[in-house]
Number of protein chains: 2
Amino acid sequence: MKGKIFIIEDEASIIQLVQHNLEKEGFVVSSSLNGNEGLKELKKFEPNLLLLDWMLPDLSGIDICKNIRRDSNFKSLPIIMLTAKGEEEDKIKGLESGVDDYVTKPFSFNELSARIKAVLRRSDPKVVANELIFEDLKLDRTEKRVFRSDKEIQLGPTEFRLLEFFLTNPKRVYSRDQILETVWPNNVNVESRTIDVHIRRLRQSINIEGKKELIRTVRASGYSLI
Amino acid sequence: MKGKIFIIEDEASIIQLVQHNLEKEGFVVSSSLNGNEGLKELKKFEPNLLLLDWMLPDLSGIDICKNIRRDSNFKSLPIIMLTAKGEEEDKIKGLESGVDDYVTKPFSFNELSARIKAVLRRSDPKVVANELIFEDLKLDRTEKRVFRSDKEIQLGPTEFRLLEFFLTNPKRVYSRDQILETVWPNNVNVESRTIDVHIRRLRQSINIEGKKELIRTVRASGYSLI
DNA sequence: TTAATTTGTAATATTTCTGTAACATTAAGA
DNA sequence: TCTTAATGTTACAGAAATATTACAAATTAA
């Protein structure tokens, strides 16, 4: 999991292309084909970044943008605008209304991907960082290795993703549902108690002799990385 | 594959000369005749080095340069500027704007080639190195030989390329898809499980008595050179 | 051309991981 | 303190991923 991205775009083909490729890169992606519903879903989804089409059937991209900026919970949500060629003049207006970057259609996926990473690197480095560190715990994404106090730890794929998830937001408590949504592949149905077992496995692996427990149970709420 | 080079240059004859010769030396080369398109293609191509003409019909070389330096994904892309004689005064300006070296036209291919290698040697030695070395493993590109602890090892062509690939980025985990994309000739369709078999063959060849395993399996992710 | 090597795939074996259920323990409120 | 709900722990069977093998087709060398 590298982070969550939401897409509001009325061309299904674009959504499909972008969503598929972003998921391949490890992002969790959700999308909507129109503005009003998109806004609602977005706020539920809590993405790390929004890809927003300029021209939508109902709301204009700029209205969505303004709405988001007015909402204190999403004031600083990074937004990348997708504009069609020839909307050049609007660009400046777009940037003024709080857009972080824009990409003109048609674009290659690589171009978009590069922009996304650049924006995320500025706004929320943890999302794209290669090394996630918390106290004496270190996770290396490209090497797929985990260390506790410089001692390497072996984790199964699920435990790895679970730890990666916690490391992108240490101290924050996540409910079992939230964990399921982001750590497990979409549309997989597992018992919520299954998470307890994985938490146990993760704890067992990362708790080394003499070092303190790193995963905190918050009764009736979920778990957090201390 | 020694690395990828992109050329932005409006004289087709120069592109032809340079591209052909670079390809003969084992580089993968792509090019564009104008600035704006070049920029886009370049970002898609992800080269290890850029040859950039100073004077272009649309964008000036220096603008391209600045654009690239602003893009965090290409901040450190080495650039060699191609300038016409008499543009001497501009040279300093060019170097200030983040150019790594420049070559004045007309130039001989050998001169250019030497500069390219010098710049790559500084910025990304693995790309041009003739010998790739990792621990007690050594691969000689020109002689096409592989040694483990000074003992020569025979590899088939595919295993050779596979090992070369791993050696350019030790420790990094590659998915089967990534391996396919880079190690196999373009647009060849092979089962992703086929890679397992080649990994096995490679392992069998490079694992000599008493020495440790060098290829790591990362379940659900791929393989890496330890 | 023939022989030798290399390649890709399919079939099978082996290993590792996952989810669940069952039972144990703990924490919080009555 | 007792009760109950939530979490911890364990073991295990089935699933999923990888390893291994064998073989036929393709390529290269002789």
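Here is how names work: the chains are called A, B, and so on, in the same order as the sequence lines, proteins then strands, and each is numbered from 1.
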On DNA chain C, more 5' by nearest nucleotide between A:Val188 and B:Gly156 is B:Gly156
Separation of atom CZ in B:Arg219 from atom P in C:dT16, rounded to whole Å:
8 Å
Rounded interatomic separation in angstrom, taking CD1 from A:Ile195 and P from D:dT7:
11 Å
In terms of relative ring orientation, are B:Phe45 and B:Phe6 parallel, tilted or perpendicular, with 30° and 60° separating the classes?
tilted
Does D:dA6 have OP1 or OP2 under 4.0 Å away from a side-chain N or O of A:Thr217?
no
To the nearest Å, how far apart are B:Glu191 CD and D:dA17 P?
15 Å
Are A:Asp196 and A:Arg176 within salt-bridge range, i.e. N to O under 4.0 Å?
yes
Rounded to whole Å, how long is the line connecting atom CZ of A:Arg176 with atom P of D:dG8?
7 Å
Electrostatic pair B:Lys117-B:Asp124, nearest N-O below 4.0 angstrom
no
Of the listed C:dC17, D:dA19, C:dT7, the closest approach to the A:Pro157 side chain comes from C:dC17
Need one value for B:Tyr223: base, sugar-phosphate or nothing, where a base atom within 4.0 Å counts as base even if backbone is also close, heavy atoms only.
sugar-phosphate
Ignoring hydrogens and angles, tell me if any N or O in the side chain of A:Arg69 forms a donor-acceptor pair with the backbone of A:Leu77 under 3.5 Å.
yes
Quick one: do B:Glu143 and B:Arg145 make a salt bridge, cutoff under 4.0 Å?
yes
Suppose we call two aromatic rings close when their centres sit under 6.0 Å apart. Are B:Tyr223 and B:Phe166 close by that rule?
no
Report the distance from atom CD1 of B:Ile199 to atom P of D:dA19, rounded to the nearest whole Å.
8 Å
For the pair A:Asp136 and A:Lys211, evaluate side chain to side chain contact (heavy atoms under 4.5 Å, CB included) and give the outcome as yes or no after the intermediate values.
CA-CA 9 Å; A:Asp136 62 342; A:Lys211 299 281 169 185; 3.5 Å; yes
Measure the angle between the two terminal helix axes of the helix from C:dT1-D:dA30 to C:dA30-D:dT1, five base pairs each, and quote it to 10°.
30°
Lys NZ or Arg CZ of B:Lys4 over B:Phe27 ring: under 6.0 Å, within 45°
no
Kindly say whether, by distance alone, the side chain of B:Arg200 makes a donor-acceptor pair under 3.5 Å with the base of D:dA19?
no
Using a 4.0 Å heavy-atom cut-off, does B:Thr194 contact any base of the nucleic acid, only the sugar-phosphate backbone, or nothing at all?
base
Using atom CZ of B:Arg161 as one end and atom P of C:dT7 as the other, report the distance to the nearest whole Å.
7 Å
Closest nucleotide of DNA chain D for B:Ala220 versus for B:Gln204: which of these residues is on the 5' side?
B:Ala220
Once you round it to whole Å, what is the distance between P of D:dG8 and CZ of A:Arg216?
13 Å
Expressed in angstrom and rounded to an integer, what is the separation of A:Leu180 atom CG from C:dT18 atom C1'?
13 Å
Any B:Trp184 side-chain N or O less than 4.0 Å from OP1/OP2 of C:dG8:
yes
Confirm from the modelled atom types if A:Arg203 and D:dG8 form a donor-acceptor pair under 3.5 Å, side chain to base only.
no
Would you call A:Arg141-A:Glu164 a salt bridge at under 4.0 Å N-O?
yes
Take A:Glu111 and B:Lys44, measure what salt bridge (charged side-chain N to carboxylate O under 4.0 Å, His left out) needs, and give me the verdict at the end.
CA-CA 6 Å; A:Glu111 193 188 337; B:Lys44 212 159 68 182; over 6 Å; no
How would you summarise protein contacts on nucleotides 22-30 of chain D per nucleotide, using B for base, S for sugar-phosphate only and - for none, with heavy-atom distances below 4.0 Å?
B--------
Return no unless some side-chain N or O of A:Thr158 is found under 4.0 Å from OP1 or OP2 of C:dC17.
no
Assert: residue with more 5' nearest nucleotide on DNA chain C, out of B:Glu159 and A:Asn189, is B:Glu159
